[in-house]
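See structure below.
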There are 2 protein chains.
Amino acid sequence: MQQEPGSGMREQALWMADRCLGRRIARLHRLVSRRFDAELRESGLTLPQFEVLSELALFDAPARPSEIAGWLGLERSTISRNLDVLTHRGYVRVAATSSTGRTTRVVVTEAGYHALAEAGPAWQRAQAWISGAVDADAVDALDRWLTALDLDQQRG
Amino acid sequence: MQQEPGSGMREQALWMADRCLGRRIARLHRLVSRRFDAELRESGLTLPQFEVLSELALFDAPARPSEIAGWLGLERSTISRNLDVLTHRGYVRVAATSSTGRTTRVVVTEAGYHALAEAGPAWQRAQAWISGAVDADAVDALDRWLTALDLDQQRG
DNA sequence: CCTCCTGTGGTGTATCTGCAACACTTGCGA
DNA sequence: TCGCAAGTGTTGCAGATACACCACAGGAGG
């Protein structure tokens with residue numbers, strides 16, 4: 001610190017780099033995302049599309065696009081485009097529109113449920129690979145993390 | 001299952017959607033990534049750039065691009081482009097090239113360490129937000145997950 | 001009834017990533 | 001020494017995402 005300003009900087013940089021959570025979570029996401037995409041490719045679904053379809057199926061009622069965006073942590077615009085794709089394929093159906101033609105509520109069609117079911121084996125392979133790598137505690141930790149961050153984000 | 005083929009499909013789809021790990025990890029990544037990018041923006045670094053710089057700093061020796069790609073779970077091509085950007089900004093320096101001009105080894109420059117240190121406060125805000133959401137066990141679980149998947153991927 | 005204002009859906013643009021393909025290098029065995 | 005195979009850095013291309021922005025809807029208040 002006295003004669004070597006670079007030395008202190010370097011120390012701090014290493015400390016940050018070593019414990020950076022963003023780095024680790026991003027790496028986990030890339031590993032998992034690639035695996036899911038590779039497995040799901042044969043079914044024609046990407047992971048984000050699978051996510052949208054899943055959330056919509058879980059909600060089990062006509063949902064507004066902005067709701068879906070909030071659940072998934074995705075941008076509203078991204079949801080809008082993904083819904084376009086899914087609607088075009090017949091997996092999702094517009095349940096209500098405003099007077100100007102904007103879609104206000106969407107639901108999963110029978111074909112959508114069928115696509116999800118058809119992706120089952122591929123999904124299971126990816127899921128088994130990931131869940132088999134660790135114990136159940138890790139999954140619980142992941143869920144706690146998500147709910148905590150969600151609550152925190154809603155407040156601020 | 002007898003007269004309602006859609007019923008069984010729907011059940012399976014909900015089961016998958018509910019426990020899908022890809023969905024949850026992707027959501028966590030989006031939340032975390034957005035936060036880091038937002039905080040780091042003022043320092044001019046994106047999360048991936050920060051990751052590359054960090055790994056390189058941790059390695060503390062001239063590293064080959066493909067090594068970095070392996071550590072981060074990123075594509076070689078993505079590393080190549082990010083290194084271009086970082087080199088152009090002076091944060092990274094090419095330490096060795098082949099006869100055809102390909103970069104074979106890179107190191108962090110003094111300016112790179114300086115950039116990392118300068119991003120410290122912003123990084124700490126994002127890091128505190130995320131790590132403050134859960135207990136230390138979750139971080140351990142995350143690390144276990146990464147090492148397990150990494151080992152599994154190296155084998156096959 | 002009108003105006004403001006918040007929230008929402010959609011579009012344009014820039015950027016980034018991965019995949020596929022290419023050129024080159026490195027190391028091994030004939 | 002000469003191929004041949006595996007690995008590496010780079011680039012073209014297609015796809016997806018986020019941010020900024022715009023147009024519209026639904027209330028609150030005058």
Side-chain angles (χ1 to χ4, degrees), chain A residues 22 26-27 29-42 44-52 62-89 92 94-106 154, chain B residues 22 26-27 29-42 44-52 56 62-89 92 94-106 153-154:
Chain A
R27 190 155 77 95
H29 166 69
R30 283 190 286 260
L31 288 172
V32 169
S33 169
R34 248 206 292 274
R35 183 73 173 223
F36 264 98
D37 276 335
E39 296 283 7
L40 287 176
R41 184 166 302 165
E42 62 189 38
L45 285 173
T46 69
L47 181 54
Q49 288 164 4
F50 183 86
E51 292 178 64
V52 172
R64 305 206 321 258
S66 66
E67 282 176 330
I68 307 173
W71 296 332
L72 268 62
L74 274 167
E75 202 71 14
R76 289 198 311 265
S77 58
T78 304
I79 291 294
S80 180
R81 295 180 218 273
N82 275 327
L83 284 179
D84 279 348
V85 174
L86 293 174
T87 304
H88 187 264
R89 292 193 193 169
V92 158
V94 174
T97 62
S98 77
S99 58
T100 53
R102 302 197 307 190
T103 75
T104 55
R105 292 215 146 78
V106 289
Q154 283 174 15
Chain B
R27 190 156 77 94
H29 166 68
R30 283 190 286 261
L31 288 172
V32 168
S33 170
R34 245 205 295 273
R35 183 71 173 225
F36 265 98
D37 275 335
E39 296 283 7
L40 288 175
R41 183 166 302 166
E42 62 189 38
L45 286 173
T46 69
L47 181 52
Q49 289 164 5
F50 184 86
E51 293 179 62
V52 172
L56 208 48
R64 305 204 321 261
S66 66
E67 282 177 331
I68 307 172
W71 298 331
L72 269 62
L74 274 166
E75 201 70 15
R76 291 199 309 268
S77 57
T78 304
I79 292 294
S80 180
R81 295 177 218 274
N82 276 327
L83 285 179
D84 279 349
V85 174
L86 293 174
T87 303
H88 187 264
R89 291 192 194 170
V92 158
V94 174
T97 62
S98 77
S99 58
T100 53
R102 301 197 307 191
T103 74
T104 56
R105 292 216 147 79
V106 290
Q153 201 181 35
Q154 282 174 13

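Proteins get letters first, then strands, A, B, ... in listed order; numbering begins at 1 in each.
Partner B:T103 forms a side-chain contact (heavy atoms from CB on, under 4.5 Å) with one of B:D84, B:V92, B:V94, B:T87 and no other, that one being B:V94.
The distance from atom NE2 of A:H88 to atom C1' of D:dG15 is 16 Å, rounded to the nearest whole Å. Straight-line distance from the CG atom of A:L72 to the C1' atom of D:dA18: 15 Å, rounded to whole Å. Rounded to a whole Å, the CZ atom of B:R30 is 15 Å from the C1' atom of C:dT17. The distance from atom CZ of B:R102 to atom C1' of C:dA23 is 7 Å, rounded to the nearest whole Å. A:R105 has its CZ atom 13 Å from the P atom of C:dG10, to the nearest Å. In this structure, B:D37 places its CG atom 12 Å from C1' of D:dC19, rounding to the nearest Å. The separation between A:E51 atom CD and D:dT17 atom C1' is 13 Å, rounded to whole Å. A:L40 has its CG atom 18 Å from the P atom of D:dG15, to the nearest Å.
Residues A:L72 and A:T78 fail the side-chain proximity criterion, which asks for heavy atoms closer than 4.5 Å.
For A:T103 and C:dG10, the shortest distance from a side-chain N or O to OP1 or OP2 is below 4.0 Å. Under 4.0 angstrom from either OP1 or OP2 of D:dT8 there lies at least one side-chain N or O belonging to B:R64. The side chain of A:S80 contributes no N or O atom lying less than 4.0 Å from OP1 or OP2 of C:dG9. OP1 or OP2 of C:dG18 sits under 4.0 Å from a side-chain N or O of A:R34. A sub-4.0 Å separation between OP1 or OP2 of C:dT25 and a side-chain N or O of B:S99 is present.
Atom CG in B:L74 sits 12.0 Å away from atom CZ in B:R81 (nearest 0.5 Å). With rounding to the nearest 0.5 angstrom, the CD1 atom of B:I79 is 8.5 Å from the CD atom of B:E51.
A donor and an acceptor atom never sit less than 3.5 Å apart when one is taken from the side chain of B:R81 and the other from the base of D:dT10. For a distance-only test at 3.5 Å, the side chain of B:T78 fails to qualify as a donor-acceptor partner of the base of C:dC16. The base of C:dC19 lies close enough to the side chain of B:S77 for a donor and an acceptor atom to sit less than 3.5 Å apart.
Heavy-atom nearest nucleotides on DNA chain D were determined for B:L83 and for A:Q49, and the one closer to the 5' end corresponds to B:L83.
Using a 4.0 Å heavy-atom distance criterion, A:N82 is classed as a sugar-phosphate-only contact. Contact annotation for B:S66: backbone-only contact, meaning every heavy-atom pair under 4.0 Å involves sugar-phosphate atoms and none involves a base. At the heavy-atom level, A:I79 lies nowhere under 4.0 Å from the strands shown.
Distances from the side chain of A:D84 to the nucleotides C:dT11, D:dT11, D:dG9 place C:dT11 closest. Ranking D:dA25, C:dG9, D:dT8 by closeness to the A:R76 side chain, first place goes to C:dG9.
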Requested in this report: Determine, stepwise, if the pair A:I68 / A:V106 fulfils side chain to side chain contact (heavy atoms under 4.5 Å, CB included).
Outcome: CA-CA 10 Å; A:I68 307 173; A:V106 289; 4.0 Å; yes
Report task. Just do the salt bridge (charged side-chain N to carboxylate O under 4.0 Å, His left out) check on B:E75 and A:R34 with the steps written out, would you? Result -> CA-CA 11 Å; B:E75 201 70 15; A:R34 248 206 292 274; 3.7 Å; yes
